[in-house]
Number of protein chains: 2
Amino acid sequence: MERRLTPRGLERKRQLLDFAARRFAESGFHPTSVAEIVQGMGVGKGVFYWYFDSKEELLLEILQAAQLDLRRAQQAAIEDEPDPLVRIERGIRASLHWLDANRHLDTLIQFARTDEAFAPAIRRGGRVAVTDIARHVQEAIDTGRIPPADPEVLAHCILGVTDSLARVQLIHRGQPPDEVADTAVSFCFEGLTRAGSLSAR
Amino acid sequence: MERRLTPRGLERKRQLLDFAARRFAESGFHPTSVAEIVQGMGVGKGVFYWYFDSKEELLLEILQAAQLDLRRAQQAAIEDEPDPLVRIERGIRASLHWLDANRHLDTLIQFARTDEAFAPAIRRGGRVAVTDIARHVQEAIDTGRIPPADPEVLAHCILGVTDSLARVQLIHRGQPPDEVADTAVSFCFEGLTRAGSLSAR
DNA sequence: CCCTCCCTTGACCGTCCGGTCAAGAGGCCG
DNA sequence: CGGCCTCTTGACCGGACGGTCAAGGGAGGG
């Protein structure tokens, strides 16, 4: 849907994206009806279809915006850090801070992965994330900081640890993002054999 | 729903569980209608509601059976292996073989995690998995095989790496389960600093 | 052979859903 | 002040959905 939007229109669209994202995360995408969204916002149904072609398009825009925002946060955290391993650590840390502030979007992304209508969009963003990390891993290998291996595979491992810990330690147990990041970084760098830098609790 | 089932009835129920699981994984739980399931099986709608109270109950039974089956596979693989680290490795290996043979169930479990109606059931099974692994980790710590740390946190890391690699390397790229297991085990034990045992591809 | 009870049929029901649209409000620019 | 274009309203539609149920088939124990 392409439309010339006034500042007021842009603001309305932002409200819709935000409100819908929270409802979707809370009640699920399919169970949340368009009627429910517009009623919750106190507007007519026409408003929804003025800004979006369909419920599906709305979710796609939410997902795209979320992935863009997360990537921006990661890149801002990395900036021009010269050490590739520190870049990885900062990326993990930034991701956990972002997930802490955007829990509902995490749920939504996880759902989207399981629905064939949205999975392609998620996979695109996932590939970008992997490539980002893999670049730093590759540099770390080239400079002899870590032993050689497929950088993309290692990137997937890092993402897996981060996501898993985010879900349990951060979102479910409410641990501070930096502590979770410490755990994730330590495990990624040294695995089970790490030098006892994990807080034993 | 409690009903006295003849062998024929039990077989019918098994068919329903299996067929529905595949449809749910392929098209999503909500988009797949009961009508679609019974039509696909060539039976009347009454059959469905003879065996299940609702679509929701059906999914719950699918999830419960899947988690039970996975756990059984893991325990069979571990058997009476004395070395706790080898037990962990065998558990990872068994999980990847199971996920390889039950891809559709993996998708389904992932979806269930995002839906508040099913997430509690998944969390129950997840907690069991964590406790299982954590026990071996604890033993490895006690015998000085690995440095001390919260065993449950480490268990979550292991699960995160395994799940993430399963999704990408196994399901998406079609790599053999044992190769993926090698990668996962190596990363879990030594992280990025592992001694080059990861196949560089 | 018949009776019981497991199993199956498929028409039917009320509800809700995504999406449409004719009508109109309202702000901004000329 | 007038007209245009963005934005909003909410009744409306066709159809699909989860779930019900009266009726009947059929296997197997007595």
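The figures here come from the full heavy-atom set of this structure, side chains too, leaving out hydrogens, waters and symmetry mates. Chain letters run A, B, ... following the sequence lines, proteins first, then strands; residues in each count from 1.
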Donor-acceptor under 3.5 Å (Ser164(B) side chain, Gly160(B) main chain): no

Under 3.5 Å: donor-acceptor pair, side chain of Arg103(A), backbone of Asp100(A): yes

For the pair [X] and [Y], find out whether any cationic side-chain nitrogen is under 4.0 Å from an anionic carboxylate oxygen.
| X | Y | answer |
| --- | --- | --- |
| Arg22(B) | Asp18(B) | yes |
| Glu61(B) | Lys13(B) | yes |
| Glu79(B) | Arg87(B) | no |
| Arg8(A) | Glu11(A) | no |

May I have the distance from [X] (atom [atom1]) to [N] (atom [atom2]), rounded to whole angstrom?
| X | N | atom1 | atom2 | value |
| --- | --- | --- | --- | --- |
| Tyr49(A) | dC13(D) | OH | P | 17 Å |
| Phe48(B) | dG10(C) | CZ | C1' | 16 Å |
| Gln39(A) | dC16(C) | CD | P | 11 Å |
| Leu16(A) | dC7(D) | CG | C1' | 12 Å |
| Lys45(A) | dC13(D) | NZ | P | 13 Å |
| Glu2(A) | dT6(D) | CD | P | 13 Å |
| Ile37(A) | dC16(C) | CD1 | P | 17 Å |
| Met1(B) | dG19(D) | CE | C1' | 11 Å |

Members of residues 23-36 of chain A that approach DNA chain C, where some heavy atom sits under 4.0 Å away: Thr32(A), Ser33(A), Val34(A)

Heavy-atom side-chain contact between Phe19(A) and Leu16(A) under 4.5 Å: no

Minimum side-chain heavy-atom gap Leu5(A)-Arg12(A) below 4.5 Å: no

No-hydrogen, no-angle side-chain donor-acceptor test under 3.5 Å, Gln74(A) and Ser95(A): yes

Residue pair Gln138(B) / Arg135(B), side-chain donor-acceptor N/O under 3.5 Å: no

Ring geometry between Phe111(B) and Phe118(B) (parallel below 30°, tilted from 30 to 60°, perpendicular above 60°): tilted

Close approaches to DNA chain D from residues 52-60 of chain B, in residue order (heavy atom, under 4.0 Å): Ser54(B), Lys55(B)

Distances under 3.5 Å between nitrogen or oxygen atoms of protein and nucleotides 6-8 of chain C:
from	atom 1	to	atom 2	distance (Å)
dC7(C)	OP1	Thr6(B)	N	3.0
dC7(C)	OP1	Thr6(B)	OG1	2.3
dC7(C)	OP1	Gly9(B)	N	3.0
dC7(C)	OP2	Arg4(B)	O	3.3
dC7(C)	O3'	Arg8(B)	NH2	3.4
dT8(C)	OP1	Arg12(B)	NE	2.9
dT8(C)	OP1	Arg12(B)	NH2	3.1
dT8(C)	OP2	Tyr51(B)	OH	3.0

